[in-house]
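One structure is given below, encoded as structure tokens.
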Amino acid sequence: MADKNQTPAAPLDAAAAAIAAFAAAKDHPFPDDIFTAPQLNWAVIGCGVIANQMAESLALAGRRLAGVANRTREKAVAFAERHGVEKVYDTVEELYADPEIDAIYVTTPHNTHIRYLRAALASGKHVLCEKSITLNSAELDEARAIAREHGVVLMDATTILHMPLYRVLLARAASGEFGRMNLAQLNFGSYKEYGDLTNRFYNINLAGGAMLDIGVYALSLMRLFMESQPTEVVSLGNLASTGVDEAGGIVCRNAEGQLGVVSLTIHSKQPKRAVLSFDKCYVEISEYPRADSATIVWTADGRRETVAAGTEGYALCYEMADLERAVAGDADAASLIDTAADVMELMTRLRADWGVTYPEER
């Protein structure tokens, strides 16, 4: 029998947490309020962890991917067999040319995204792109211009932008219920061993580093709750021997005087914890990248209120549903790329301050 006084275990790592979230969701009826826009036919580029999560997410909704392309065809075939995907393309060009495909999810490493975005958007496909959506602001500006030229939707797959919890909290904040937001404090720490510095986290040739891998979550949440883009940014960054950023401390301030304080590391474990401080309360969110609950502590009396919205296991469903809504004309969903662009501008600025430059940028 478990000891009631035993300290709870620390949160699982991201992959294990996602598996647990899927397991918790799969035995429940799929909600009818997630996919509300006309259904698109989806294909995926890449067969890694996120691609598998995408296929499993669609399966929860009783849907399947229509196609898959991958650099290694054998992996694409195995992926298709595992998830019941109808088509395996020999090349990405075949995928782009398929008139039956409406939308593509790009799940490959950061530094390959712009190459796929250019071609997919120019071929008239809507694109949901895994974080970080590009390496820098110049690449994102280019991709957005191509999307506008061809009348298609480009969407950032950073989960922060899509989880229902944040829509609920943002609506309450916008109503004035919380008062003014004064300070956002965000931590994110993962422990990646130095033993193999060729792995993607430390490999500069794979656009490694804390900023693009985990910083995007913290900065996205900070920016969502700020009235405007920060204009003042001061920071310190520590670099690994490979030239990528392994840790950073960031302080931001916007024209309204709202502060953001962010700490990141890929070589020390930290809680994924966010505290948003308002005049009338503070909002605390644990495991915030895919959070489905938060705690509000009210200033006047210390009362604690739990807010729940959405389900962690449906995180990738919310992403795909937002793209489908944007395609159908939902202005709020379409505007998410504006927040992503602000975040990318901050990340680009911070990496420049720290001297982190990827081979593609030289």
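Numbering of residues begins at 1 and proceeds along the displayed sequence.
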May I ask you to say whether [X] pairs ionically with [Y], meaning some side-chain N is under 4.0 Å from a carboxylate O?
{"X": "Arg144", "Y": "Asp338", "result": "yes"}
{"X": "Asp213", "Y": "Arg200", "result": "yes"}
{"X": "Arg172", "Y": "Glu305", "result": "yes"}
{"X": "Glu100", "Y": "Lys87", "result": "yes"}
{"X": "Arg63", "Y": "Glu324", "result": "yes"}
{"X": "Arg64", "Y": "Glu86", "result": "no"}
{"X": "Asp90", "Y": "Arg73", "result": "yes"}
{"X": "Arg273", "Y": "Glu284", "result": "yes"}
{"X": "Arg167", "Y": "Asp322", "result": "yes"}

So, [X] side chain and [Y] main chain: donor-acceptor pair closer than 3.5 Å or not?
{"X": "Ser293", "Y": "Val307", "result": "no"}
{"X": "Glu361", "Y": "Thr357", "result": "no"}
{"X": "His110", "Y": "Ile133", "result": "no"}
{"X": "Asp245", "Y": "Met211", "result": "yes"}
{"X": "Asp102", "Y": "Asn41", "result": "yes"}
{"X": "Thr107", "Y": "Ile50", "result": "no"}
{"X": "Tyr116", "Y": "Cys129", "result": "no"}
{"X": "Thr348", "Y": "Asn136", "result": "no"}
{"X": "Gln258", "Y": "Met226", "result": "no"}
{"X": "Lys125", "Y": "Asp98", "result": "yes"}

Given side chains that start at C-beta, do those of [X] and [Y] come closer than 4.5 Å, heavy atoms only?
{"X": "Asp292", "Y": "Tyr314", "answer": "no"}
{"X": "Arg290", "Y": "Tyr318", "answer": "no"}
{"X": "His113", "Y": "Leu140", "answer": "no"}

Between [Y] and [X], do the side chains contain a donor N or O and an acceptor N or O under 3.5 Å apart?
{"X": "Ser228", "Y": "Glu256", "value": "yes"}
{"X": "Thr198", "Y": "Asn203", "value": "no"}
{"X": "Tyr358", "Y": "Asn111", "value": "no"}

Inset, instruction - Give a yes or no on whether the ring-centroid distance for Tyr288 and Tyr217 is below 6.0 angstrom. - result: no
Does [X] share a hydrophobic cluster with [Y], counting links as ILVMFWY side-chain heavy atoms below 4.5 Å and allowing steps through other members?
{"X": "Ile160", "Y": "Val275", "result": "no"}
{"X": "Tyr282", "Y": "Phe225", "result": "no"}
{"X": "Ile146", "Y": "Leu117", "result": "yes"}
{"X": "Val297", "Y": "Met181", "result": "no"}

For Val234, the hydrophobic cluster (side chain heavy atoms closer than 4.5 Å, chained through members) also holds Leu183, Val251, Leu259, Val261
Residues passing the side-chain hydrogen bond (donor to acceptor under 3.5 Å, both in side chains) test with Tyr166, sequence neighbours excluded, are none
Start with the C-alpha gap between His83 and Glu56, add the side-chain angles, then the distance that decides, and say whether side chain to side chain contact (heavy atoms under 4.5 Å, CB included) holds. CA-CA 8 Å; His83 297 294; Glu56 292 165 4; 3.9 Å; yes
